[in-house]
Asker: 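I'd like to ask some things about the structure below.
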There are 2 protein chains.
Amino acid sequence: MNIGDAARASDVSAKMIRHYERIGLIRTSSRTQAGYRQYHERDVHLLRFIRRARDLGFSLDQIGQLLSLWDDPGRASADVKRLAEAHIADLDTRIAALSEMRTTLTTLAQACHGDHRPDCPILQGIADAT
Amino acid sequence: MNIGDAARASDVSAKMIRHYERIGLIRTSSRTQAGYRQYHERDVHLLRFIRRARDLGFSLDQIGQLLSLWDDPGRASADVKRLAEAHIADLDTRIAALSEMRTTLTTLAQACHGDHRPDCPILQGIADAT
DNA sequence: ACTTGACTCTCCCATGATGGTAAGGTTTAT
DNA sequence: ATAAACCTTACCATCATGGGAGAGTCAAGT
């Protein structure tokens, strides 16, 4: 399987597959004589894992750790759970930050009449925020 | 006022002030004979505006638009409101994406006993996600 | 006057994840 | 044989920010 097929099958772009290889997230694949990377079902499986972990917001660094655990038959599920919970906490932090922005901005926007007149509590609010 | 003072007063790093100047977000400041940038109260005011808009999650590009409106005495508040509401919609999208990740991951983590045993629904769930 | 420390200047590099493009080689199908 | 579709590497861009090097400047204390 060439990289394009692996990309289509895993929903990871060829560009990213090469990138993951270069940063050491995945092993270097075998090559044809012409230098084409060759992939197999298990590689696609791995790439799909990566893709889904990305969809869950894990960083490539965290995914690296997940992959070591995935590969390790003697892993403790507690280790995986710890990673996941740390990531949930991180998501919570980010959600809270965005929500706070949203709240503040919504309050400002509600106070703005939004017509042709120039006076606008949004700009005032940004300028004068405590 | 030198850049360091302006940075402290506005809570925008000197590094960023130079950057904002270079990308055209703020005007080039006057310089001393030695080439030191000189700032005044109104510059600090502007930088604080930028800082707060950043805190609300506006991109520098959006901030550029906000600044034009800020500077324009004949602006229509509707234009500002439109920008703000577009940004709120963007925040909503991002919050929803993160929340969905959080939900999925929490479900997986709850199913993981998190002990010394290797079997772990989190890794399974990532690998087998629909 | 001279040193010292704190400041400033520009320039280059790095982040994280991804995409684009260019210039060239390969494979496959017509 | 030729064209289409693919692959390769290498470089550049994004976005906002920080780090560091190497050199110049300024103010305060000796």
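By convention in this document, chain letters (A, B, ...) are assigned in the order of the sequence lines, proteins followed by strands, and residues within each chain are numbered from 1.
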Asker: Which is true for B:R22 with a 4.0 Å heavy-atom rule: it touches a base, it touches only sugar-phosphate, or it touches nothing?
Answerer: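 It contacts nothing in the nucleic acid.
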
Asker: Of the nucleotides C:dG19, D:dC7, C:dC9, which one has an atom closest to the side chain of A:K15?
Answerer: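 Nucleotide nearest to A:K15's side chain: C:dG19.
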
Asker: Just how far, in rounded Å, is C1' of D:dC6 from CD1 of A:I3?
Answerer: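 After rounding, the reported distance stands at 11 Å.
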
Asker: Provide, to the nearest angstrom, the distance between the CD atom belonging to A:E21 and the P atom belonging to D:dT9.
Answerer: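 The answer, rounded to whole Å, is 8 Å.
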
Asker: Please determine, for the side chain of A:R31, which listed nucleotide (D:dT9, C:dT8, D:dC7) has the closest atom?
Answerer: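 Per side-chain heavy atoms of A:R31, the pick is D:dT9.
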
Asker: Would you kindly compare A:S13 and B:Q38 by the position of their nearest DNA chain C nucleotide and give the one closer to the 5′ end?
Answerer: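 In this pair, the answer is B:Q38.
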
Asker: At 4.0 Å (heavy atoms only), tell me whether A:T32 reaches a base, stays on the sugar-phosphate, or touches nothing.
Answerer: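 Answer is nothing: A:T32 stays at 4.0 Å or more from every strand.
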
Asker: Could you walk me through whether A:D55 and A:R52 satisfy the salt bridge (Lys or Arg N to Asp or Glu O under 4.0 Å) test, starting with their C-alpha distance in whole Å, then the side-chain angles of each, then the deciding distance to 0.1 Å, before giving a yes or no?
Answerer: CA-CA 5 Å; A:D55 287 346; A:R52 278 154 186 165; over 6 Å; no

Asker: Students often mix this up, so state it plainly: with edges at 30° and 60°, are the rings of B:W70 and B:H45 parallel, tilted or perpendicular?
Answerer: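 Tilted, since the angle between the ring planes falls between 30° and 60°.
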
Asker: Between D:dG18 atom P and B:I17 atom CD1, what is the distance in whole Å?
Answerer: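 Between P of D:dG18 and CD1 of B:I17: 11 Å.
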
Asker: Rounding to a whole Å, what distance do you find between A:M16:CE and D:dT14:C1'?
Answerer: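 Atom-to-atom, A:M16 to D:dT14, this comes out as 12 Å.
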
Asker: Check the distance between D:dT8's P and A:H19's NE2 and give it to me in whole angstrom.
Answerer: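 The answer, rounded to whole Å, is 16 Å.
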
Asker: Quick one: is C:dT10 close enough that its OP1 or OP2 comes under 4.0 Å of any side-chain N or O from B:R37?
Answerer: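 For C:dT10, OP1 or OP2 has a side-chain N or O of B:R37 closer than 4.0 Å.
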
Asker: In plain terms, say whether B:R27 and B:E21 are close enough for a salt bridge, that is, a side-chain N and a carboxylate O under 4.0 Å apart.
Answerer: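 Looking at B:E21 together with B:R27, the answer is no, because their closest N to O distance does not fall below 4.0 Å.
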
Asker: Rounded to the nearest Å, what distance is computed from the CG atom of residue A:L47 to the P atom of nucleotide C:dT18?
Answerer: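 Interatomic distance, CG of A:L47 to P of C:dT18: 12 Å.
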
Asker: Base, sugar-phosphate or nothing for B:R18? Non-hydrogen atoms, less than 4.0 Å.
Answerer: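 Since a base atom lies under 4.0 Å of B:R18, the category is base.
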
Asker: Whole-Å distance between C:dA6 C1' and B:Y36 OH?
Answerer: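 The distance from OH of B:Y36 to C1' of C:dA6 comes to 9 Å, rounded to the nearest Å.
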
Asker: Taking the basic N atoms (NZ, or NE/NH1/NH2) and the acidic carboxylate oxygens, is any pair closer than 4.0 Å for B:D5 and B:R8?
Answerer: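 Counted as a salt bridge, because a side-chain N and a carboxylate O are separated by less than 4.0 Å.
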
Asker: Please report, rounded to the nearest Å, how far the C1' atom of C:dT8 is from the CD atom of B:Q33.
Answerer: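 Whole-Å distance recorded here is 16 Å.
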
Asker: Which part of the nucleic acid, if any, lies within reach of A:Y20 when heavy atoms closer than 4.0 Å are counted: base, sugar-phosphate only, or nothing?
Answerer: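 Counting heavy atoms under 4.0 Å across all strands, the contact made by A:Y20 is with sugar-phosphate only.
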
Asker: Does B:R54 reach a base, just sugar-phosphate, or nothing at all? Heavy atoms under 4.0 Å.
Answerer: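 Result for B:R54 = sugar-phosphate.
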
Asker: Select from A:G35 and B:I23 the residue whose nearest nucleotide in DNA chain D is closer to the 5' end of that strand.
Answerer: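 The residue closer to the strand's 5' end, by nearest nucleotide, is A:G35.
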
Asker: Out of curiosity, does B:Y36 fall in the hydrophobic cluster containing B:Y20 (side-chain heavy atoms, cut-off under 4.5 Å, transitive links)?
Answerer: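 No, it is not one cluster - the side chains of B:Y20 and B:Y36 are not joined through contacts under 4.5 Å.
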
Asker: Taking the nucleotide of DNA chain C with the closest heavy atom to each, which residue, A:A34 or A:D61, is nearer the 5' end?
Answerer: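 Mapping each residue to its closest nucleotide by heavy atoms, the 5'-most match is A:D61.
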
